[in-house]
Number of protein chains: 2
Amino acid sequence: MTNTKEHILNVSLNLFMQKSYKEVTLKEIVDKTGMSKGAFYHYFESKEQLFVEVINFAFATVIDDSYNKFSKESLFQFYHDYIDYFINEEAPKLTVNYISLTFDALKFVPDFQRKLLKSQKAQMETWKEVIQEARDRGEINTPMKDEEIAKMFIYSIDGFGLHRVFGQINREHMKLSLLTLWDSFYEELKV
Amino acid sequence: MTNTKEHILNVSLNLFMQKSYKEVTLKEIVDKTGMSKGAFYHYFESKEQLFVEVINFAFATVIDDSYNKFSKESLFQFYHDYIDYFINEEAPKLTVNYISLTFDALKFVPDFQRKLLKSQKAQMETWKEVIQEARDRGEINTPMKDEEIAKMFIYSIDGFGLHRVFGQINREHMKLSLLTLWDSFYEELKV
DNA sequence: TCCTACAAACCGGATAGTCGGTATGTAGAT
DNA sequence: ATCTACATACCGACTATCCGGTTTGTAGGA
């Protein structure tokens with residue numbers, strides 16, 4: 001890929017993360033890249049196509065199964081790894097603008113919803129796997145079904161993220177808060 | 001307030017719930033209200049001021065403490081009431097567009113964030129109250145602290161709502177899924 | 001001498017907002 | 001009762017600006 005094209009993609013991503021698709025204008029893109037419209041339309045056929053490429057560019061790594069790399073030694077270790085990952089990688093992106101970007105992607109980018117659902121499914125499977133092993137191993141002992149436990153973890157972190165978007169909480173406080181929550185839920189599961 | 005002004009507010013709210021602030025045009029508002037631009041600018045000084053008024057108009061009732069009306073007889077009854085309310089009143093609004101509306105409101109409407117945080121705090125207090133009473137009454141018996149239990153309920157339903165936005169799930173399935181989840185969590189708390 | 005990589009001028013349509021004007025109502029003086 | 005003076009409600013043509021997109025031009029490397 002040309003350097004210039006990647007440059008345009010990077011600048012545009014930044015802009016799309018600050019404003020909605022509609023709010024970002026071609027003029028802004030052109031100005032901030034230091035290029036001309038001619039250059040832009042040399043690399044992209046339309047603003048919409050640019051957006052699709054930006055999204056695929058940006059979500060290429062996000063949507064994959066990074067949580068598959070977490071330790072599966074124990075449920076305890078797994079959710080601790082998850083929190084570290086969430087605080088360091090995911091949380092900084094969790095802003096009003098980033099969620100808006102996701103919504104714009106749902107509107108404009110074909111196949112985006114399918115990819116999102118697929119990644120959600122994969123995430124669920126990973127949790128269920130870890131939970132089942134934890135149960136077999138005797139790490140936890142609870143009447144809750146594997147899927148319900150997985151849902152509590154997944155939904156609660158998503159809800160947590162959403163809440164975090166509204167009030168601004170610093171990173172250390174976030175981590176502690178999340179850790180306390182899941183630790184206490186984990187203790188409950190052990191009983 | 002004039003009838004006409006209220007009419008404009010209603011029509012605009014509908015439009016802002018379908019599209020973002022930027023996507024809604026004055027022409028649309030004027031056309032759908034059956035009025036002229038002159039009339040519009042007679043009642044509002046700008047599109048932005050209209051938006052602020054629409055938001056205050058719309059969220060005046062939404063942000064209040066409707067969950068205070070749920071039965072506090074038992075935690076069991078409370079969360080069942082909550083689900084009924086959520087499925088019938090909140091869930092239909094939980095769409096990409098409605099969440100986008102909330103984000104636009106955060107951008108444009110002064111004091112909106114404060115109101116939102118206040119309502120979240122009130123919600124948390126209500127849950128904690130119900131949970132504490134349930135514990136005192138012996139309805140539940142768990143090492144989890146009241147606040148952690150409340151957080152699990154609140155975050156999980158918000159996360160649930162967010163997930164629901166992405167994949168389209170029908171109302172009956174939603175209700176069942178949520179009921180199953182919370183019932184199993186509740187059983188866990190009783191142990 | 002072409003082709004690539006860009007620049008710059010330009011286009012039609014849409015946008016939010018303005019403005020001069022009108023029709024209707026109404027309070028107070030006569 | 002009616003006339004005057006003014007307010008309110010509304011209309012729609014108009015404007016300046018900005019939008020995404022197109023066309024034309026050109027410097028420089030192969």
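It should be emphasised that the depicted structure is a prediction, and the values quoted were computed from it without experimental measurement. Reminder, nothing fancy here: chain letters follow the sequence lines and each chain counts from 1.
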Rounded distance in Å - CD (B:Glu23) to P (C:dA16)
12 Å

Verify the contact: side-chain N or O of B:Thr4 to OP1 or OP2 of D:dC10, cut-off strictly under 4.0 Å; return yes or no.
yes

For A:Ala150 and A:Lys128, the nearest pair of non-hydrogen atoms, with its separation, is CB-CG, 4.1 Å

A:Tyr41 OH to D:dC19 P: how many Å, rounded?
12 Å

Rounded to whole Å, please give me the gap between CD in A:Gln49 and C1' in D:dG20.
14 Å

Under a 3.5 Å cutoff, is there a donor and acceptor pairing between the side chains of B:Ser184 and B:Glu187?
no

Closer than 4.0 Å, any side-chain N/O of B:Ser36 to the OP1 or OP2 of D:dC10?
no

Can you sort out which residues in residues 26-34 of chain A have a heavy atom within less than 4.0 Å of DNA chain C? Ascending by number, please.
none

Could you tell me whether the phosphate oxygens of C:dA16, OP1 or OP2, come under 4.0 Å of any side-chain nitrogen or oxygen in B:Lys47?
yes

Can you tell me the distance, in whole Å, between the CZ atom of B:Phe44 and the C1' atom of C:dT18?
18 Å

For A:Ile154 and A:Met124, the nearest pair of non-hydrogen atoms, with its separation, is CD1-CA, 3.8 Å

Under 30°, 30 to 60°, or over 60°: which ring-plane class applies to B:Tyr82 and B:Trp127, parallel, tilted or perpendicular?
tilted

Has the side chain of B:Lys37 got a donor or acceptor that lies under 3.5 Å from a partner of the other kind on the base of C:dA16?
yes

Do the rings of A:Phe16 and A:Phe51 sit parallel, tilted or perpendicular, given the 30° and 60° boundaries?
perpendicular

Let me know the distance between CD1 of B:Ile8 and P of D:dA9, rounded to the nearest Å.
11 Å

Is there a donor-acceptor pair under 3.5 Å between the side chain of A:Asp104 and the backbone N or O of A:Tyr21?
yes

Verify the contact: side-chain N or O of B:His42 to OP1 or OP2 of D:dA9, cut-off strictly under 4.0 Å; return yes or no.
yes

D:dC11 P sits how many Å from B:Phe40 CZ, rounded?
14 Å

Report the relative orientation of the aromatic rings in B:Phe76 and B:His80; use parallel for angles under 30°, tilted for 30 to 60°, perpendicular for over 60°.
tilted

Once you round it to whole Å, what is the distance between P of C:dA8 and CE of A:Met35?
11 Å

